[in-house]
Protein chains: 2
Amino acid sequence: MKPTIARCEENVIHEEEVQAAQATLISGLEATYLSAVFQALSDPTRLRLISALSGGELCVCDLAAVLGMTQSAVSHQLRLLRNLQVVRHRKAGRIVYYALEDEHVRLLFQMGLEHIRHPKGDEAAGGAA
Amino acid sequence: MKPTIARCEENVIHEEEVQAAQATLISGLEATYLSAVFQALSDPTRLRLISALSGGELCVCDLAAVLGMTQSAVSHQLRLLRNLQVVRHRKAGRIVYYALEDEHVRLLFQMGLEHIRHPKGDEAAGGAA
DNA sequence: GCAACATATGAATAACTGCTCATATATTCA
DNA sequence: TGAATATATGAGCAGTTATTCATATGTTGC
């Protein structure tokens with residue numbers, strides 16, 4: 001980058017910058033793990049579930065009521081979050097209560113929310129609430 | 001929740017908890033905006049692009065070389081990131097350089113990476129690098 | 001033990017997504 | 001001006017994803 005010769009030579013402008021980037025590049029495995037975390041947070045329904053649970057434990061039917069969705073749709077999403085260990089659950093008879101389990105997902109959620117609610121000066125205006 | 005009567009009455013255990021959750025629940029619009037941010041970060045290729053760009057500006061062909069992917073695949077992803085204003089670009093003749101633009105995406109990326117690399121004690125073991 | 005209840009699960013489906021392949025577009029150079 | 005170069009774009013395609021609908025599973029109470 002910033003080459004004296006603005007020419008992609010063999011599809012690479014400057015071998016040094018490429019190697020420097022590769023040296024610090026996250027690994028394929030890190031990318032896979034990290035993408036799974038963000039993917040958990042990439043669906044509006046799941047975000048709203050996490051938002052509801054951030055106030056404390058709730059059962060499936062209450063979650064369905066809060067979100068205005070069917071029990072089944074909620075259950076499917078909870079299964080996904082459970083498998084990712086974002087949430088934990090406990091049974092009390094027929095009732096199953098869910099709670100947030102993964103603290104760093106909670107932090108990512110809160111940070112993301114804070115940013116869309118209060119964009120900084122250099123932020124794009126895509127997040128005004 | 002924590003009801004004396006463990007019975008979902010009309011699909012809601014405790015109307016109070018449901019209303020409390022709804023009062024603080026993120027709106028559908030907030031969920032949509034927030035999910036877009038996390039979705040930008042939910043693909044391994046895009047994460048690796050962001051990782052490469054976090055070290056500084058790079059051109060498309062260098063990015064393709066760094067990631068070991070085709071120019072086309074990289075370009076498509078850059079278009080998406082551009083449209084989300086995660087990256088900005090400048091042209092120097094035929095060469096197009098891309099750089100990270102959205103500071104809060106950068107912070108989310110860094111925080112997420114830090115967490116998978118250094119899980120805390122209460123973290124699930126799904127992120128060990 | 002059977003009916004009621006709360007939730008989980010599976011199949012289907014429409015919509016979505018990332019990459020390949022081809023080519024359009026913009027820039028440079030002889 | 002035409003060829004070469006770097007990148008953007010679009011169609012196609014296989015794989016993925018969220019919800020619906022149906023039903024399986026586990027728990028409770030009479």
Side-chain angles (χ1 to χ4, degrees), chain A residues 1 3-14 18 28 31-32 35-36 38-49 57-65 67-84 87-98, chain B residues 1 3-14 18 28 31-32 35-36 38-49 57-65 67-84 87-98:
Chain A
M1 35 157 281
T4 52
I5 305 174
R7 169 96 183 271
C8 275
E9 304 174 344
E10 299 184 350
N11 284 330
V12 173
I13 285 188
H14 224 310
V18 168
T32 298
S35 71
F38 287 122
Q39 201 158 29
L41 294 163
S42 67
D43 175 69
T45 299
R46 289 200 290 277
L47 283 172
R48 300 183 81 215
L49 278 174
E57 186 183 68
L58 285 167
C59 69
V60 178
C61 63
D62 281 355
L63 283 166
L67 269 63
M69 296 182 66
T70 64
Q71 170 265 323
S72 172
V74 167
S75 242
H76 275 287
Q77 297 287 15
L78 289 171
R79 173 170 61 176
L80 187 147
L81 292 175
R82 199 172 59 233
N83 289 342
L84 288 171
V87 296
R88 67 177 182 268
H89 67 296
R90 68 177 180 91
K91 291 185 184 178
R94 288 181 298 226
I95 314 289
V96 187
Y97 293 94
Y98 281 83
Chain B
M1 33 159 286
T4 53
I5 307 173
R7 170 91 181 272
C8 274
E9 304 172 345
E10 300 182 352
N11 283 330
V12 173
I13 286 189
H14 225 310
V18 169
T32 298
S35 69
F38 287 121
Q39 198 158 28
L41 292 164
S42 68
D43 174 68
T45 299
R46 289 199 291 277
L47 283 172
R48 301 184 80 215
L49 277 175
E57 182 183 72
L58 285 167
C59 69
V60 177
C61 61
D62 281 354
L63 282 167
L67 268 61
M69 294 182 68
T70 65
Q71 168 265 322
S72 172
V74 167
S75 242
H76 275 289
Q77 296 288 17
L78 289 170
R79 173 170 61 175
L80 187 147
L81 292 175
R82 197 169 63 234
N83 289 343
L84 288 171
V87 297
R88 69 179 180 265
H89 67 296
R90 68 177 179 92
K91 290 184 185 179
R94 289 181 298 227
I95 312 291
V96 187
Y97 293 92
Y98 280 83

Residue-phosphate contact under 4.0 Å: R79(B) side-chain N/O, dG10(D) OP1/OP2: yes
First encountered from the 5' end of DNA chain D, between R82(B) and T45(A): R82(B)
Below 4.0 Å: OP1/OP2 of dA6(D) and any side-chain N or O of Y98(B): no
Whole-Å distance separating the CG atom of L67(B) from the P atom of dT20(C): 12 Å
Presence of R46(B) side-chain N/O under 4.0 Å of dG18(C) phosphate oxygens OP1/OP2: yes
Any Q39(B) side-chain N or O less than 4.0 Å from OP1/OP2 of dT17(C): yes
Euclidean distance, atom CE of residue M69(B) to atom P of dT20(C) [Å, nearest integer]: 6 Å
Side-chain N or O of S72(B) closer than 4.0 Å to phosphate OP1/OP2 of dC19(C): no
Listed nucleotide nearest any side-chain atom of A73(A), set dT5(D), dT19(D), dA4(C): dT19(D)
Whole angstrom value for the distance that separates P of dT7(C) from CG of L49(A): 13 Å
Residue pair A36(A) / L84(A): nearest heavy atoms and the distance that separates them: O-CD1, 4.3 Å
Under 3.5 Å donor-acceptor, S42(B) side chain and Q39(B) backbone: yes
H89(A) NE2 - dT27(D) P separation (whole Å): 11 Å
Flag side-chain contact, heavy atom, 4.5 Å: M69(A) against R48(A): no
Main-chain N/O of A40(B) paired to R46(B) side chain as donor or acceptor, under 3.5 Å: yes
Whole-Å distance separating the CD atom of Q77(B) from the P atom of dT17(C): 11 Å
Spacing between L41(A) atom CG and dA18(D) atom P, to the nearest angstrom: 12 Å
Which residue lies more 5' along DNA chain D, comparing D43(A) with S75(B) via nearest heavy atoms: S75(B)
Distance-only donor-acceptor test, H76(B) side-chain atoms vs dT20(C) base atoms, 3.5 Å: yes
Atom-to-atom span, CD1 of I95(A) to C1' of dT25(D) - whole angstrom: 15 Å
Nucleotide dG10(C), atom P - distance to CG of N83(A) in whole Å: 11 Å
Y98(A) versus V60(A), closest heavy-atom pair with distance: CE1-CG2, 3.6 Å
Closest to the V96(B) side chain, choosing from dA8(D), dT27(D), dC19(C): dA8(D)
Per R94(B) side chain, nearest of listed nucleotides dT7(C), dT7(D), dA4(D): dA4(D)
Any Q71(A) side-chain nitrogen or oxygen under 4.0 Å from OP1 or OP2 of dC5(C): no
